[in-house]
K.L.:
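Below is one structure. I have some questions about it.
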Amino acid sequence: MDALIKRFCPRLDFISYEDFKENFQITVPDNFNFAYDVVDEWARLEPKKKALVWCDDVDERHFTFTDISRLSNQAAQAFVRLGIGKGDVVMAMLRQRWEYWVIAMALCKLGAIITPATIQLTAKDIGYRLKSSGARALVVMDDDYVLSQAEPALSENNQVDVRILVNARGGSVAGNTTCGGGVRCAKATADGGNWLDFNALIAAESGDFQRPQGAAATKNSDIMLIYFTSGTTGLAKMAMQDFTHPLGHIITARYWQQVRENELHCSVTDSGWAKFGWGKIYGQWICGAAIFAYDAVRFEPVQLLARIERYRLKTFCVPPTMYRFMLQEDILSYDLSSVETFTTAGEPLNAEVTRQWQELTGKLIREGFGQSESPVLLATFPWLQPHPGSMGKPSPLFDIQLLGEDGQPVADGDEGLICVCGLRHNYPPGLFVGYYRDQQLTASAVGGDYYNLHDLAWRDVDGYYTFVGRDDDVIKCSGYRIGPFEVESSLIEHPAVLECAVTAAPDEVRGSVVKATIQLKAGFEPSEELVLELQEHVKQSTAPYKYPRIIEFVDALPKTVSGKIKRGKIRVTDAGGTWVD
């Protein structure tokens, strides 16, 4: 057990959080390459070790590390024949298709840069990402919507000279007379080009691939991955991760999600989101856990609950929104007893959701916090008792401090900006290394002694951190500073509220007032009586001045493609402006 992870961590077991915080270390090997040094190495050490259990609503497939190693070697050979090599950017839009794991490992072996993207993107989104990254290749799943958006974007990006289709409908396209038994699909793009069929491409290749040497070999400082940030406040930025990034997720997987070797871990996320890297590949495979992937077309709470029961998942992580929707189902009719640890990240978790989940399952939800630019930064680690509403305590990899506007640490109980400090002296593995093709933005973000996340939090006397909001989400009303999360948590306790977003709305007298935009649960209808009831509820459960003077009921909250609420869009619309996605 732990045969591989011990190469990177001299010590794995700790008796307390304080021991963990003081003594945990990661040893970063020279020229670390996740595909060779983890995937191929597991295949050598334990050829039959399970790596991935994948299913959709029709099919199911199981992969060992030997399978992933062989398939990624075949894919690497195919990419080389197509002219893709070290430093080339390849964009992938694959939802949770099993081919994503194969393609990501193939590109890692070549030193090519993968930039994942969700299949929900529009032609404008895709075009922006292709152009700004200079992508040479686009790999997409065979889906009518994806193709309808990708093809117009490709017509404006002539530098994308490799176009690959995954899971071409009807199986192998070799039987199509247009293809002539080759690897080219009969799906014509808008500019007259054709897509290549991924399965046919790799079928002709060898399962052996030699690790590049010399100038072609990867170095730790090379760029492995580019995440486009979620873009809640503007155009998405390109956060660069180097080849040491996977090692930072040892903390994410082993000490927050608490994955178990040879057991199934499930994080529900599209491959286009950074949370995929958090929960479906890097730290989990280093720890020897197997990934469970349910490639659903859309999130259906009952389908997910049924698969937890059927596959006997051991560890489980979903965003807070999914817990809220699952709680609307008959949780007690499903056997969730196999799950040892429930975790969540992506947005703050309301204490009421934690309370209800524990009441029904007997287990608390352990919260984690971070960004696309990082692994988990704060979490409720194994030695910590979860405090509902709190993110937990800092990871030992990072010097986390709450700084005031003057750049100095704030006292316990005071709000401060979450910052990763000490970068000049000890740059931690896993933290992004800048923004692609933007030296000025890189210098302002990580060129000094600390990285400012622009998220506000406060720390209690026991060292637990509680999220307040983005620094531009905090509401200033009649001289008060009001954090939206506290008001949202109060509202979510009310039995009528499914989801809500609290923002500042313009007011001629006060400058701004608290507004709540609310999606109601099934069975509840908007009314003036319900508005007054909700306002009174907030007055009773938190400071009276924080209650929402404006309440708007909506069918659904505006969200990014990664599921985060677009509070900025609500603010802009309320101010009479036009939000541009």
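Because the structure is a prediction, the values reported are computed rather than measured. Numbering starts at 1 and runs along the sequence shown.
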K.L.:
Quick one: side chain to side chain donor-acceptor pair (under 3.5 Å) pairs with a partner in residues 378-397, sequence neighbours left out?
P.N.:
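Applying side chain to side chain donor-acceptor pair (under 3.5 Å) to every pair that reaches into residues 378-397, excluding sequence neighbours, yields nothing.
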K.L.:
Taking Thr118 as the fixed residue, which of Asp125, Asp270, Thr269 is the one that meets the side chain to side chain donor-acceptor pair (under 3.5 Å) rule?
P.N.:
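Exactly one pass, corresponding to Asp270.
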K.L.:
Could you pull out all residues at least two apart from Tyr323 that satisfy ring pair (Phe, Tyr, Trp, His ring centres under 6.0 Å)?
P.N.:
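Checked Tyr323 against ring pair (Phe, Tyr, Trp, His ring centres under 6.0 Å); matches are Trp357.
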K.L.:
For the atom pair CD (Glu22) and OG (Ser16), what is the distance rounded to the nearest 0.5 Å?
P.N.:
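Rounded to the nearest 0.5 Å, the CD-OG separation comes to 10.0 Å.
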K.L.:
Against the six-membered ring of Tyr435, is Lys237 placed for a cation-pi contact (under 6.0 Å from the centre, within 45° of the normal)?
P.N.:
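Pair Lys237/Tyr435 counts as cation-pi.
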K.L.:
For Ile226 versus Pro116, what's the shortest heavy-atom pair and its separation?
P.N.:
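Closest approach of Ile226 to Pro116, heavy atoms only: O-CD, 3.3 Å.
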K.L.:
Sort and list the pairs that fulfil side chain to side chain donor-acceptor pair (under 3.5 Å) and have at least one residue in residues 291-301, not counting sequence neighbours.
P.N.:
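For residues 291-301: Asp57-Tyr294, Arg95-Asp295.
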K.L.:
Could you list the residues that satisfy salt bridge (Lys or Arg N to Asp or Glu O under 4.0 Å) with Asp13, not counting sequence neighbours?
P.N.:
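Applying salt bridge (Lys or Arg N to Asp or Glu O under 4.0 Å) to Asp13 gives Arg254.
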K.L.:
For Tyr547, give me all partners under ring pair (Phe, Tyr, Trp, His ring centres under 6.0 Å), at least two apart in sequence or on another chain.
P.N.:
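By the ring pair (Phe, Tyr, Trp, His ring centres under 6.0 Å) rule, Tyr547 matches no residue at all.
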K.L.:
Would Ser490 and Ser541 satisfy side chain to side chain donor-acceptor pair (under 3.5 Å), going step by step from the backbone distance to the final call?
P.N.:
CA-CA 6 Å; Ser490 174; Ser541 62; 2.3 Å; yes
K.L.:
Please check if the side chain of Thr573 supplies one atom and the backbone of Lys569 the other of a donor-acceptor pair under 3.5 Å.
P.N.:
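Between the backbone of Lys569 and the side chain of Thr573 there is a qualifying donor-acceptor contact (under 3.5 Å).
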K.L.:
Would you say Trp458's side chain and Leu402's backbone share a donor-acceptor pair under 3.5 angstrom?
P.N.:
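No, because the side chain of Trp458 does not come within donor-acceptor range (under 3.5 Å) of the backbone of Leu402.
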K.L.:
Does the side chain of Glu536 reach to within under 4.5 Å of the side chain of Leu532, using non-hydrogen atoms?
P.N.:
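The answer is no; the side chains never approach within 4.5 Å.
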K.L.:
What heavy-atom pair brings Leu423 and Tyr450 nearest, and what distance separates the two atoms?
P.N.:
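Taking Leu423 first and Tyr450 second, the nearest heavy atoms are CD1-C, 4.0 Å.
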K.L.:
Closest heavy-atom contact between Ser489 and Asn350?
P.N.:
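Closest heavy-atom pair between Ser489 and Asn350: OG-ND2, 3.1 Å.
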K.L.:
Rounded to the nearest 0.5 Å, what's the gap from OH on Tyr227 to CD on Glu373? Could you check?
P.N.:
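Nearest 0.5 Å value for the OH-CD distance: 11.0 Å.
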K.L.:
Determine the minimum heavy-atom distance between Gly389 and Thr466, stating which atoms define it.
P.N.:
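Smallest heavy-atom distance, with atoms named: O-CG2, 3.7 Å.
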K.L.:
Dump the intermediate steps for side chain to side chain contact (heavy atoms under 4.5 Å, CB included) on Thr344 and Glu367, then the final yes or no.
P.N.:
CA-CA 5 Å; Thr344 193; Glu367 192 168 350; 4.2 Å; yes
K.L.:
Name all residues meeting the side-chain hydrogen bond (donor to acceptor under 3.5 Å, both in side chains) criterion together with Asp19; count only those two or more places apart in sequence or in a different chain, and write none if there are none.
P.N.:
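Checked Asp19 against side-chain hydrogen bond (donor to acceptor under 3.5 Å, both in side chains); matches are Arg11, Asn23.
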K.L.:
When you measure from the side chain of Glu415 to the backbone of Val468, do you find a donor-acceptor pair of N or O atoms at a distance under 3.5 Å?
P.N.:
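No: the side chain of Glu415 does not pair with the backbone of Val468.
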K.L.:
Indicate yes or no for a side-chain donor-acceptor contact from Thr517 to the backbone of Glu552 under 3.5 Å, with no hydrogens or angles considered.
P.N.:
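The answer is no, because no donor-acceptor pair under 3.5 Å joins these two groups.
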K.L.:
Taking side chain to side chain contact (heavy atoms under 4.5 Å, CB included) as the test, write out the residues that go with Ala516, two or more places apart.
P.N.:
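In terms of side chain to side chain contact (heavy atoms under 4.5 Å, CB included), with neighbours along the sequence ignored, Ala516 is linked to Leu491, Val502, Ile518, Pro548, Ile551.
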K.L.:
Show, in sequence, the C-alpha distance, side-chain angles and deciding distance for Tyr465 and Phe369, and conclude whether the ring pair (Phe, Tyr, Trp, His ring centres under 6.0 Å) test is met.
P.N.:
CA-CA 10 Å; Tyr465 287 65; Phe369 169 83; 9.3 Å; no
K.L.:
With sequence neighbours left out, write down each residue that passes ring pair (Phe, Tyr, Trp, His ring centres under 6.0 Å) with Tyr451, or none if nothing qualifies.
P.N.:
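Result, ring pair (Phe, Tyr, Trp, His ring centres under 6.0 Å) vs Tyr451: Phe432.
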K.L.:
Under a 4.5 Å cut-off applied to non-hydrogen side-chain atoms, are Leu384 and Tyr464 in contact?
P.N.:
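Sidechains of Tyr464 and Leu384: in contact.
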K.L.:
Take Thr315 and Glu263 through the test side chain to side chain donor-acceptor pair (under 3.5 Å) and record every step on the way to the result.
P.N.:
CA-CA 8 Å; Thr315 47; Glu263 300 285 359; over 6 Å; no
K.L.:
Which word best sums up how the rings of His249 and Tyr282 line up, parallel for under 30°, tilted for 30 to 60°, or perpendicular for over 60°?
P.N.:
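Answer is parallel, since the angle falls under 30°.
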K.L.:
Return the set of residues passing ring pair (Phe, Tyr, Trp, His ring centres under 6.0 Å) with Phe381 (not counting sequence neighbours), or none when no residue passes.
P.N.:
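For Phe381 the ring pair (Phe, Tyr, Trp, His ring centres under 6.0 Å) partners, ignoring immediate neighbours, are Phe20.
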K.L.:
Decide yes or no on side chain to side chain contact (heavy atoms under 4.5 Å, CB included) for Leu304 and Met326, but give the supporting numbers first.
P.N.:
CA-CA 9 Å; Leu304 183 57; Met326 285 190 290; 4.1 Å; yes
K.L.:
Indicate yes or no for a side-chain donor-acceptor contact from Gln149 to the backbone of Val146 under 3.5 Å, with no hydrogens or angles considered.
P.N.:
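Here the side-chain-to-backbone pair does not exist.
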K.L.:
Checking Arg366 side chain against Gly392 main chain: does a donor-acceptor pair fall under 3.5 Å?
P.N.:
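Pair absent, no side-chain N/O of Arg366 close to backbone of Gly392.
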K.L.:
Please lay out, stage by stage, how Glu352 and Arg355 fare under the test salt bridge (charged side-chain N to carboxylate O under 4.0 Å, His left out).
P.N.:
CA-CA 5 Å; Glu352 178 63 14; Arg355 186 194 66 77; 2.5 Å; yes
K.L.:
Using a 4.5 Å cut-off on heavy atoms from C-beta on, say whether the side chain of Arg97 contacts that of Asp143.
P.N.:
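Asp143 vs Arg97: side chains apart.
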K.L.:
Check the pair Ile400 / Val420 against side chain to side chain contact (heavy atoms under 4.5 Å, CB included), numbers first and verdict last.
P.N.:
CA-CA 5 Å; Ile400 303 291; Val420 180; 3.8 Å; yes
K.L.:
Side chain to side chain donor-acceptor pair (under 3.5 Å) for Gln303 and Arg307? Distances and angles first, verdict last.
P.N.:
CA-CA 6 Å; Gln303 295 296 332; Arg307 280 160 178 77; 2.9 Å; yes
K.L.:
Could you pull out all residues at least two apart from Gln241 that satisfy side-chain hydrogen bond (donor to acceptor under 3.5 Å, both in side chains)?
P.N.:
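Only His245 meet the side-chain hydrogen bond (donor to acceptor under 3.5 Å, both in side chains) criterion with Gln241.
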K.L.:
Can you tell me how far apart CG (Leu327) and NZ (Lys521) are? Round to the nearest 0.5 Å.
P.N.:
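Taking CG in Leu327 and NZ in Lys521, the distance rounds to 8.0 Å.
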K.L.:
Measure across Ser267 and Gln257 and return the closest heavy-atom pair with its distance rounded to 0.1 Å.
P.N.:
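So the two residues come closest at OG-NE2, 3.7 Å.
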K.L.:
Any sub-3.5 Å donor-acceptor pair from Trp54's side-chain atoms to Ile291's backbone N or O?
P.N.:
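Looks like no, no N/O pair under 3.5 Å.
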K.L.:
Only counting residues at least two apart or in another chain, list the ones meeting side-chain hydrogen bond (donor to acceptor under 3.5 Å, both in side chains) with Thr343.
P.N.:
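In terms of side-chain hydrogen bond (donor to acceptor under 3.5 Å, both in side chains), with neighbours along the sequence ignored, Thr343 is linked to no residue.
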K.L.:
Quick one: pull up CD in Gln358 and CD1 in Ile365 and give me the separation to the nearest 0.5 Å.
P.N.:
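If I round to the nearest 0.5 Å, the distance is 9.5 Å.
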K.L.:
Rounded to the nearest 0.5 Å, what separation is found between the SG atom of Cys55 and the CZ atom of Phe292?
P.N.:
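Here the interatomic distance stands at 4.0 Å.
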K.L.:
Between CG of Asp335 and CZ of Arg310, what distance do you get to the nearest 0.5 Å?
P.N.:
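Between Asp335 CG and Arg310 CZ, I get 15.0 Å after rounding to 0.5 Å.
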K.L.:
Would Glu499 and Lys559 count as a side chain to side chain contact (heavy atoms under 4.5 Å, CB included) here? Give the steps.
P.N.:
CA-CA 12 Å; Glu499 285 196 294; Lys559 293 181 179 178; 2.9 Å; yes
K.L.:
The criterion is side-chain hydrogen bond (donor to acceptor under 3.5 Å, both in side chains); which residues satisfy it with Lys280, sequence neighbours excluded?
P.N.:
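By the side-chain hydrogen bond (donor to acceptor under 3.5 Å, both in side chains) rule, Lys280 matches Gln96.
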K.L.:
Keeping the roles fixed (side chain from Arg260, backbone from Gln258), state whether a donor-acceptor pair exists under 3.5 Å.
P.N.:
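Judged by distance alone, yes, a pair lies under 3.5 Å.
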K.L.:
Determine the minimum heavy-atom distance between Ile119 and Leu94, stating which atoms define it.
P.N.:
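Answer, listing the atom of Ile119 first, then Leu94: CG2-N, 4.1 Å.
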